[in-house]
Amino acid sequence: MSNKVRVRFAPSPTGGLHLGGVRTVLYNYLFAKHHGGDFILRIEDTDQNRYVEGAEQYILDCLKWAGLEPDESPVHGGAFGPYRQSERKAMYRQYAEQLVNDGYAYYAFDTPEDLEKMRETHKSADNPSPQYDHHVRMKMRNSLNLTADETKALLDAGTRHVIRIKMPQGETIGFTDMIRGYIEFETSLVDDKVLLKADGMPTYHLAVVVDDYSMKITHAFRGEEWLPSAPVHLLLWKYLGWHDQMPQWAHLPLILGPNGKLSKRDGAKYGFPVFAMNWKDPKTGELTEGFREKGFLPEAFINLLALLGWNDGTEKEIFTKAELIEKFSLERVHAAGAKFDYEKAKWFNHEWVKQSVVGSLESVVRGILEEKGLSIPDEAFLRKVIGLVKERCTLLPDFAEQASFFFKSPVEYDLAAVKPKWSEAKDAFFKVLIAQYETVNWSAADLEASFKELATAKAIKPGELLLPLRIMLVGGKFGPGVFDIMEVIGKEESFKRVADALVAFGG
RNA sequence: GGCCCGUUCGUCUAAGGGUUAGGACACCACCCUUUCACGGUGGUGAUACGAGUUCGAAUCUCGUACGGGCUACCA
């Protein structure tokens with residue numbers, strides 16, 4: 001009971017959910033489900049300045065699309081709520097004050113100007129970014145140098161203040177990362193991080209510890225960018241007296257763009273999506289494209305993300321969600337960052353489109369075709385078309401290109417492919433062919449046999465005739481076999497297309 | 001600058017002391033297909049560098065270089 005696996009994804013609702021975020025969700029989810037545990041979504045909305053309307057709902061929508069729904073969240077509920085940090089505000093101050101009372105933290109009354117001045121005066125070539133640490137804290141305005149009475153007076157007067165952790169000097173503190181092994185830090189080198197901000201909200205550092213503790217999180221996974229602040233969190237677990245309940249940590253490798261940590265900018269610059277779904281910034285109105293809208297199947301999306309930094313030790317690359325849950329293990333997560341390769345991402349989707357059964361593709365493809373203004377006669381027809389073209393579709397919108405000629409006659413022909421070699425004899429061939437087809441059983445195999453028979457009789461190489469026939473039916477040099485196409489579109493439509501094209505070719 | 005993490009084909013990775021260093025994407029060639037794809041076969045292509053340990057190192061240790069992250073009252 002008490003050792004049930006509980007993991008959490010804790011995004012801040014500041015905008016779109018990018019690849020790295022979704023992969024963190026995925027690894028959390030897979031780990032939880034592999035161990036029969038729970039996956040929790042916690043919203044870290046402690047920074048009121050960066051809060052973006054709609055971002056929380058967007059994150060929920062992304063998880064739903066990807067098939068990674070949480071067991072507990074602000075909307076799914078759960079026994080450890082509330083799941084928004086803004087709604088947990090009261091408890092953080094209590095713990096922060098406890099730390100002050102125990103001598104592990106202190107009140108700091110420095111204004112932003114004071115901090116700015118401190119950084120300016122201590123800045124040098126050797127130390128380009130001075131920290132608020134043991135070197136300077138005794139020169140600042142905080143409860144460490146003020147008398148108890150002075151501090152109390154300031155607090156009573158409602159002076160704006162923060163609570164900072166008092167990093168000890170000369171201690172070495174470490175932990176064992178599930179991916180990287182033992183890592184240690186020198187406490188003197190870490191600054192006195194703010195724990196509670198002047199507005200009463202906790203910073204990430206305090207909130208993550210308090211919440212992971214109170215939500216009984218057993219394993220905590222986050223991006224590698226958090227590694228440098230691990231010593232602060234380690235100390236908080238210890239100072240708060242919870243050290244034996246600290247989750248096991250794993251710092252996930254970063255997903256890199258062409259230069260450094262993958263960013264929204266990279267997507268725009270290199271032409272690939274970075275967010276799971278389209279994200280429209282409510283303030284600027286700027287739209288950032290998502291994998292869903294680009295035409296990725298959710299199954300392919302999680303598959304490609306899972307393989308970006310993990311493999312099961314075999315050469316298998318295509319995994320269903322169930323297989324991922326079964327095979328996933330943190331020990332096989334690569335420690336190094338992985339550069340995102342859009343070409344490979346598309347390959348994953350193509351594999352998924354090819355192997356998907358027709359029925360599972362039907363509704364999305366229907367949507368895509370209808371959006372193009374094509375009317376779909378009936379379900380059976382649509383299914384046949386999907387079966388015929390799916391292997392040449394990499395992204396979902398490719399269905400529009402690959403299948404539209406099934407639903408409407410070509411508007412224009414690739415005449416350059418036919419005209420130069422067009423002849424009276426060929427024209428005559430097709431007229432006879434149509435007459436002959438009147439009595440042929442309308443199946444691809446029979447149509448082909450009949451076609452070849454007539455070609456032989458007329459002493460024209462079938463190859464000379466197949467391309468023109470394709471252009472008549474399709475308009476261009478692409479698509480499935482011509483006889484398969486005819487079988488699907490039917491006799492009447494086939495005859496009409498041949499007759500129309502004959503006019504165009506002749507003129 | 002300091003601290004931390006990392007380093008196998010262009011990219012994602014396998015190989016956790018002994019292999020002709022394997023696979024996938026991409027690229028090239030050929031085959032299949034008288035379309036476009038799919039598919040098949042083959043090819044180009046990597047252990048960052050230097051020491052050390054060892055009979056033997058991509059694998060262990062150290063150093064160097066390079067890459068990345070962090071260095072906010074942001075997460």
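Just so you know, these numbers use all the heavy atoms, side chains as well, and skip hydrogens, waters and symmetry mates. Naming: A, B, ... by sequence-line order, numbering from 1 per chain. Computed from a predicted model, the values in this text were never measured in an experiment.
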- State the pairing partner of B:rA24; accept Watson-Crick or G-U wobble contacts with both distances under 3.5 Å, and report none otherwise.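 Across all strands, the one nucleotide that pairs with B:rA24 is B:rU11.
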- Could you tell me whether A:Ser129 contacts a base, only the sugar-phosphate backbone, or nothing, with contacts defined as non-hydrogen atoms closer than 4.0 Å? base
- Nucleic acid contacts of residues 41-50 of chain A, taken as heavy-atom distances under 4.0 Å to RNA chain B: A:Glu44, A:Thr46, A:Asp47, A:Arg50
- List in numerical order all residues of residues 477-489 of chain A for which some heavy atom is under 4.0 Å away from an atom belonging to RNA chain B. A:Lys477, A:Phe478, A:Gly479, A:Pro480, A:Gly481
- Comparing nearest nucleotides in RNA chain B, the 5'-proximal residue of the pair A:Val162, A:Ile179 is A:Ile179
I'd like a table of atom pairs between the protein and nucleotides 8-15 of chain B - only N or O on both sides, under 3.5 Å - with the distance next to each one.
from	atom 1	to	atom 2	distance (Å)
B:rC12	OP1	A:Lys339	N	2.8
B:rC12	O2'	A:Leu307	O	3.3
B:rU13	OP1	A:Gly309	N	3.1
B:rU13	O3'	A:Asn311	ND2	3.0
B:rA14	OP1	A:Asn311	ND2	3.0
B:rA14	OP2	A:His334	ND1	3.2

- Query: When only distance counts, do a donor and an acceptor, one from the side chain of A:Arg392 and one from the base of B:rC38, lie under 3.5 Å apart?
  - Reply: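 Flag unset: no donor-acceptor pair detected.
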- Query: Between A:Lys261 and B:rC70, does any side-chain N or O lie under 4.0 Å from OP1 or OP2?
  - Reply: yes
- Short side-chain N/O contact to B:rC73 OP1/OP2 from A:Arg164, under 4.0 Å: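 The answer is yes; a side-chain N or O of A:Arg164 sits under 4.0 Å from OP1 or OP2.
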- Query: In terms of side-chain heavy atoms of A:Lys197, which of B:rA75, B:rA37, B:rG39 is nearest?
  - Reply: B:rA75
Strictly under 3.5 Å: I want the nitrogen or oxygen pairs between protein and nucleotides 20-22 of chain B, one per line.
from	atom 1	to	atom 2	distance (Å)
B:rG22	O2'	A:Glu315	OE2	3.3

Distance-only donor-acceptor pairs under 3.5 Å for side chains of residues 329-339 of chain A, two or more places apart:
from	atom 1	to	atom 2	distance (Å)
A:Arg332	NE	A:Asn311	O	3.0
A:Arg332	NH2	A:Asn311	OD1	3.1

- Note on the structure: Expected string for nucleotides 41-47 of chain B under the B/S/- scheme (protein heavy atoms, under 4.0 Å, primed atoms plus P, OP1, OP2 as sugar-phosphate) is -------
- Message: Does atom CD (A:Glu120) have a neighbourhood of more than 12 heavy atoms from anything else shown, all under 6.0 Å?
- Response: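 Enclosed: over 12 neighbouring heavy atoms sit under 6.0 Å from CD of A:Glu120.
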- Item | Ion pair A:Lys344/A:Glu317, N-O distance below 4.0 Å |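 Salt bridge present between A:Lys344 and A:Glu317.
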